[in-house]
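Step one of this worksheet: look at the structure below.
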Amino acid sequence: MEISGKKFLVCGASGALGAEIVRQLREKSANVLGTASTNDSAANIPAGVEVRLLLDYTKPESIKTLTDYLIASADLDGIINASGVVAFGEASATDAETISKLFAINAVGPIQLLSALAPLLAKKDSSVVVNLTGVVAETALPGIASYSASKFAIHGFLQAAAREWRRAGTTVISARPGHTETGLADRAIAGTAPKFPQGKTAVEVASRIISAIEADEKDLPSSEF
């Protein structure tokens, strides 16, 4: 895909990785719409986006409001979902509220959004969906059982959607980088992060994702980062 002149929706554009993706897309002359979950965090979306939008994956009505707006007023060439939350702790110690929030933000919300916007993407000869799924969708680890489960869920959806939407010209990429230095682990919704080895930078991961879009790659396993 030639990125210049294309229009992308970046969900989670106020976060470290989402903001870097926005910046690199803008450097390649793409048009970008960026989302944040609150008005305060929307201020962290880099300058140059066409519009800042609100999206709270824990509220189905927020997702519907956004998708209805986009279907009515925008054409899209791509969606990049860089939203996500993490929780730490043993499986037996993770409460229901934490599990519900992990699945809402990491799986159920994105599934609702991508499913609703798939017909909009299908109007283009070629389009792309990228979801930041993470290496935990490949290998479930102790101490993050519920987090891993939420990522396995979205990865499974993406694998099936890739086959369904291919006929309409939409490429679906589940991007599964290893630990990335975005500060997400320090903002866990439950538990305390273990000490991780030095991870990839947001610049490196964003660059790899954008190069995959340009090269029409179909998957980004952890081995590709």
Side-chain angles (χ1 to χ4, degrees), residues 1 6-15 17-18 21-22 25 30-37 50-86 99-134 136-138 146-176 209 212-213 216-221:
M1 176 183 284
K6 297 296 193 299
K7 182 174 288 188
F8 289 86
L9 173 69
V10 178
C11 302
S14 61
L17 183 53
I21 290 170
V22 170
L25 286 172
N31 302 309
V32 183
L33 312 176
T35 80
S37 59
E50 282 192 7
V51 63
R52 292 173 169 85
L53 301 163
L54 292 182
L55 172 62
D56 185 343
Y57 276 138
T58 67
K59 299 177 179 177
E61 64 274 17
S62 173
I63 302 169
K64 188 176 187 305
T65 297
L66 175 63
T67 55
D68 286 350
Y69 165 78
L70 292 170
I71 290 167
S73 63
D75 64 340
L76 286 178
D77 298 284
I79 301 169
I80 302 175
N81 181 44
S83 296
V85 291
V86 65
I99 294 169
S100 178
K101 189 169 184 178
L102 284 168
F103 272 82
I105 296 174
N106 294 341
V108 177
I111 288 170
Q112 181 185 340
L113 178 129
L114 295 174
S115 298
L117 293 179
L120 185 61
L121 294 175
K123 293 180 179 180
K124 296 300 182 78
D125 292 335
S126 64
S127 55
V128 65
V129 167
V130 181
N131 194 91
L132 269 296
T133 313
V136 294
E138 297 177 351
S146 295
Y147 174 57
S148 294
S150 69
K151 292 296 191 172
F152 268 89
I154 187 63
H155 180 58
F157 169 83
L158 295 166
Q159 286 183 307
R163 297 180 179 181
E164 293 180 11
W165 299 346
R166 187 180 302 145
R167 294 188 295 272
T170 301
T171 296
V172 178
I173 302 173
S174 177
R176 305 187 296 282
I209 288 168
I213 294 172
D216 194 30
E217 295 182 51
K218 304 300 192 259
D219 193 30
L220 274 179

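Here the shortest heavy-atom pairing between Leu121 and Gly78 reads CD2-N, 3.9 Å. Residue Ala168 comes nearest to Ala122 through the heavy atom pair CB-CB, 3.7 Å, listed as atom of the first residue, atom of the second, then distance. Val10 and Ala13 get closest at one heavy-atom pair: O-CB, 3.6 Å. Residues Arg176 and Ala137 approach most closely at CD-CB, 4.2 Å, considering heavy atoms. For Leu53 against Tyr69, the heavy-atom pair with the smallest separation is CD2-CE2, 3.8 Å. Taking every heavy atom of both residues into account, Ser146 and Ile99 meet most closely at OG-CG1, 3.5 Å.
Interatomic distance, Leu9 CG to Leu120 CG, rounded to the nearest 0.5 Å: 9.5 Å. Distance check, rounded to the nearest 0.5 Å: CD1 of Ile63 to CG of Asp56 gives 8.0 Å. Interatomic distance, Leu220 CG to Ile173 CD1, rounded to the nearest 0.5 Å: 5.5 Å.
Remark: the backbone N or O of Leu55 is not paired with any side-chain donor or acceptor of Ser37 at under 3.5 angstrom.
Listed by first and then second residue, the side-chain hydrogen bond (donor to acceptor under 3.5 Å, both in side chains) pairs involving residues 71-86 are Tyr57-Asn81, Asp75-Lys124, Asp77-Lys124, Asn81-Asn131 (not counting sequence neighbours). Sorted by first and then second residue, the side-chain hydrogen bond (donor to acceptor under 3.5 Å, both in side chains) pairs involving residues 103-113 (not counting sequence neighbours) are Asn106-Ser150.
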May I have the step-by-step check of side-chain contact (heavy atoms from CB on, under 4.5 Å) for Leu113 and Ile79, ending in yes or no? CA-CA 10 Å; Leu113 178 129; Ile79 301 169; 4.2 Å; yes

Derivation and outcome, side-chain contact (heavy atoms from CB on, under 4.5 Å), residues Leu114 and Val172: CA-CA 10 Å; Leu114 295 174; Val172 178; over 6 Å; no

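In terms of the side-chain hydrogen bond (donor to acceptor under 3.5 Å, both in side chains) criterion, residue partners of Thr171 (sequence neighbours excluded) are, by chain and number, Asp216. By the side-chain hydrogen bond (donor to acceptor under 3.5 Å, both in side chains) test, Ser127 is found to be paired with Thr170, residues two or more places apart in sequence or in another chain being considered. With sequence neighbours left out, Lys123 forms a salt bridge (Lys or Arg N to Asp or Glu O under 4.0 Å) with no residue at all.
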Considering only distance and modelled atom types, tabulate donor-acceptor pairs under 3.5 Å from the side chains of residues 151-166, sequence neighbours left out.
unit_1 : atom_1 : unit_2 : atom_2 : d
Lys151 : NZ     : Leu132 : O      : 3.1
His155 : ND1    : Ser174 : OG     : 2.9

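Here the side chains of Phe8 and Val128 are in contact, with some heavy-atom distance below 4.5 Å. The shortest distance between side-chain heavy atoms of Leu54 and Thr65 does not fall below 4.5 Å. For the pair Ile71 and Leu117, the minimum side-chain heavy-atom distance is below 4.5 Å. Using a 4.5 Å heavy-atom cutoff, the side chains of Val86 and Val136 are not in contact.
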